[in-house]
Amino acid sequence: IGSVNSKFGEVDILVNNAGTSIRKPPEKLTPEDWKYVMDVNLTSIHYFSSLIFDQMKNNKGGKIINIGSMMTIFGAGHASVYAASKGGVVQYSKSCAIAWAEHNIQVNSILPGYITTNMTDGFKKNFPKDADLVTSRIPAGRWGVPDDLAGTAIFLASSASDFVTGAFIPVDGGYSIRKLNPKVCFLQVLRLPIHSEHLPMEFAPKVSCHQAYLSMKKVCLLNRASWL
């Protein structure tokens with residue numbers, strides 16, 4: 001920070017973009033794995049944001065942009081600590097947005113979709129079927145490139161976003177808004193815990209189908225009786 005101040009003056013825009021991941025099942029993660037990913041992805045955001053706060057407060061405003069992920073929204077069986085850290089990014093950003101709004105400091109998050117980078121190259125190589133599934137779900141029909149994030153970053157760094165704070169904006173080619181295949185969704189619903197205590201005993205044998213049907217109505221927009 002001191003080096004930046006000496007070259008450019010006080011900081012009025014901070015982009016927290018450091019990120020890393022360790023791809024292991026949750027039960028295989030060591031304490032060292034967990035700490036390493038959390039330190040890079042989440043703790044660093046706190047350190048830099050809190051260190052830069054005084055400068056922004058003295059300047060009567062500033063912009064902080066934190067980089068989340070699609071894993072902010074979705075879980076990841078192969079990258080649970082990464083998903084946990086990126087979920088924390090949005091919650092931390094919201095908290096800072098509330099705390100620092102009175103100082104005219106806006107804190108927002110960008111949630112990149114699947115972007116072609118050195119880090120995601122490993123995902124494509126190690127999980128090719130999953131990578132193909134991801135591509136098939138993106139309405140834009142492709143993975144993003146780093147330049148796809150530039151427009152949103154410029155908006156959040158400019159005076160155009162002075163009344164935007166605590167927001168998290170997906171830049172994902174539509175990945176996060178595309179509904180699941182209804183059959184896949186139905187199978188997921190059938191795995192949900194079923195609670196039959198609120199139904200008459202005579203309906204107990206049918207409770208899983210009944211509960212699944214009610215859940216399906218909430219989760220998916222289906223053609224009526226298309227799955228019956």
Side-chain angles (χ1 to χ4, degrees), residues 1 11 13-53 56 62-101 105-127 130-131 133-135 137-138 143-146 148-150 152-153 156-157 161 164-177:
I1 292 174
V11 175
I13 301 167
L14 170 65
V15 180
N16 286 305
N17 189 42
T20 190
S21 182
I22 293 176
R23 297 182 180 89
K24 292 181 180 179
E27 71 277 10
K28 300 293 185 181
L29 288 167
T30 66
E32 292 75 20
D33 292 336
W34 184 272
K35 184 177 186 304
Y36 173 68
V37 175
M38 283 291 182
D39 281 352
V40 174
N41 293 359
L42 185 56
T43 306
S44 66
I45 290 178
H46 167 65
Y47 285 158
F48 276 95
S49 299
S50 58
L51 287 171
I52 219 71
F53 168 73
M56 292 185 173
K63 306 282 186 176
I64 297 176
I65 303 168
N66 298 323
I67 306 302
S69 166
M70 281 296 95
M71 296 306 102
T72 297
I73 304 172
F74 304 102
H78 61 278
S80 57
V81 63
Y82 179 82
S85 69
K86 291 301 185 177
V89 167
V90 165
Q91 293 305 107
Y92 183 78
S93 300
K94 290 179 181 179
S95 299
C96 291
I98 294 169
W100 298 341
I105 298 170
Q106 290 82 51
V107 186
N108 294 289
S109 304
I110 297 175
L111 310 186
Y114 285 86
I115 308 295
T116 299
T117 65
N118 291 337
M119 190 165 74
T120 58
D121 282 345
F123 173 74
K124 289 181 176 180
K125 179 180 178 181
N126 296 322
F127 304 95
D130 290 338
L133 184 61
V134 165
T135 305
R137 180 173 168 165
I138 301 172
W143 285 45
V145 296
D148 288 322
L149 304 174
T152 305
L156 292 176
S161 63
V164 178
T165 195
F168 49 101
I169 303 175
V171 181
D172 63 355
Y175 178 91
S176 59
I177 60 169

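All heavy atoms count here, side chains included; hydrogens, waters and symmetry mates do not.
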Which atom of Ala84 lies closest to which atom of Trp34, heavy atoms considered: CB-CH2, 4.0 Å
Minimum-distance pair of heavy atoms, taken over all atoms of Lys86 and Ser69: CG-CB, 3.6 Å
Ser50 side, atom OG; Ile45 side, atom CD1 - distance, nearest 0.5 Å: 11.5 Å
Test item: Thr165 side-chain N/O and Val107 main-chain N/O as donor-acceptor pair under 3.5 Å: yes
Ile52 vs Phe48, side chain to side chain contact (heavy atoms under 4.5 Å, CB included): CA-CA, chis, key distance, verdict: CA-CA 6 Å; Ile52 219 71; Phe48 276 95; over 6 Å; no
Side-chain heavy atoms of Met56 within contact of Trp100, under 4.5 Å: no
Exercise: do Asn16 and Ser49 side chains pair donor with acceptor under 3.5 Å: yes
Flag, side chain of Ser85 to backbone of Met38, donor-acceptor distance under 3.5 Å: no
Distance, nearest 0.5 Å, that separates CG of Leu42 from OH of Tyr82: 12.5 Å
Distance in Å, Asn41 CG paired with Tyr36 OH, rounded so as to fall on 0.5 Å steps: 9.0 Å
Side-chain donor or acceptor of Thr120 paired with backbone N/O of Ile115 under 3.5 Å: yes
From CA spacing to verdict: side chain to side chain contact (heavy atoms under 4.5 Å, CB included), Lys94, Gln91: CA-CA 5 Å; Lys94 290 179 181 179; Gln91 293 305 107; 3.4 Å; yes
Ala157 to Lys63 - nearest heavy-atom pair and separation: O-CG, 3.7 Å
For Ile22 against Val81, the heavy-atom pair lying closest together: O-CG1, 4.3 Å
Ser161 side-chain N/O to Leu156 backbone N/O, donor-acceptor pair under 3.5 Å: yes
Main-chain N/O of Tyr114 paired with Asp172 side-chain donor or acceptor, under 3.5 Å: no
Derivation of the side chain to side chain contact (heavy atoms under 4.5 Å, CB included) call for Val90 and Leu111: CA-CA 9 Å; Val90 165; Leu111 310 186; 3.8 Å; yes
Phe53 atom CZ: more than 12 heavy-atom contacts under 6.0 Å: yes
Atom pair CD1 (Ile13) and CD (Gln106), whose distance is rounded to the nearest 0.5 Å: 11.0 Å
Note, Val134 side chain near Trp143 side chain (heavy atom, < 4.5 Å): yes
Where Arg137 and Tyr175 come nearest, the two heavy atoms and their spacing: NE-O, 3.2 Å
Parallel, tilted or perpendicular: ring planes of His78 versus Phe127, cut at 30 and 60 degrees: tilted
Check: Val145 main-chain N/O paired with Asp148 side-chain donor or acceptor under 3.5 Å: yes
Approximate separation, where rounding is to 0.5 Å, of Lys24 NZ and Asp33 CG: 3.5 Å
Spatial distance of atom CD1 (Ile67) from atom OG (Ser109) [nearest 0.5 Å]: 8.0 Å
Least distance between heavy atoms, Ala76 atom then Met71 atom: CB-SD, 3.3 Å
Side-chain (Asn108) to main-chain (Gly166) donor-acceptor, under 3.5 angstrom: yes
Donor-acceptor contact present, side-chain Ser80 to main-chain Gly77, <3.5 Å: no
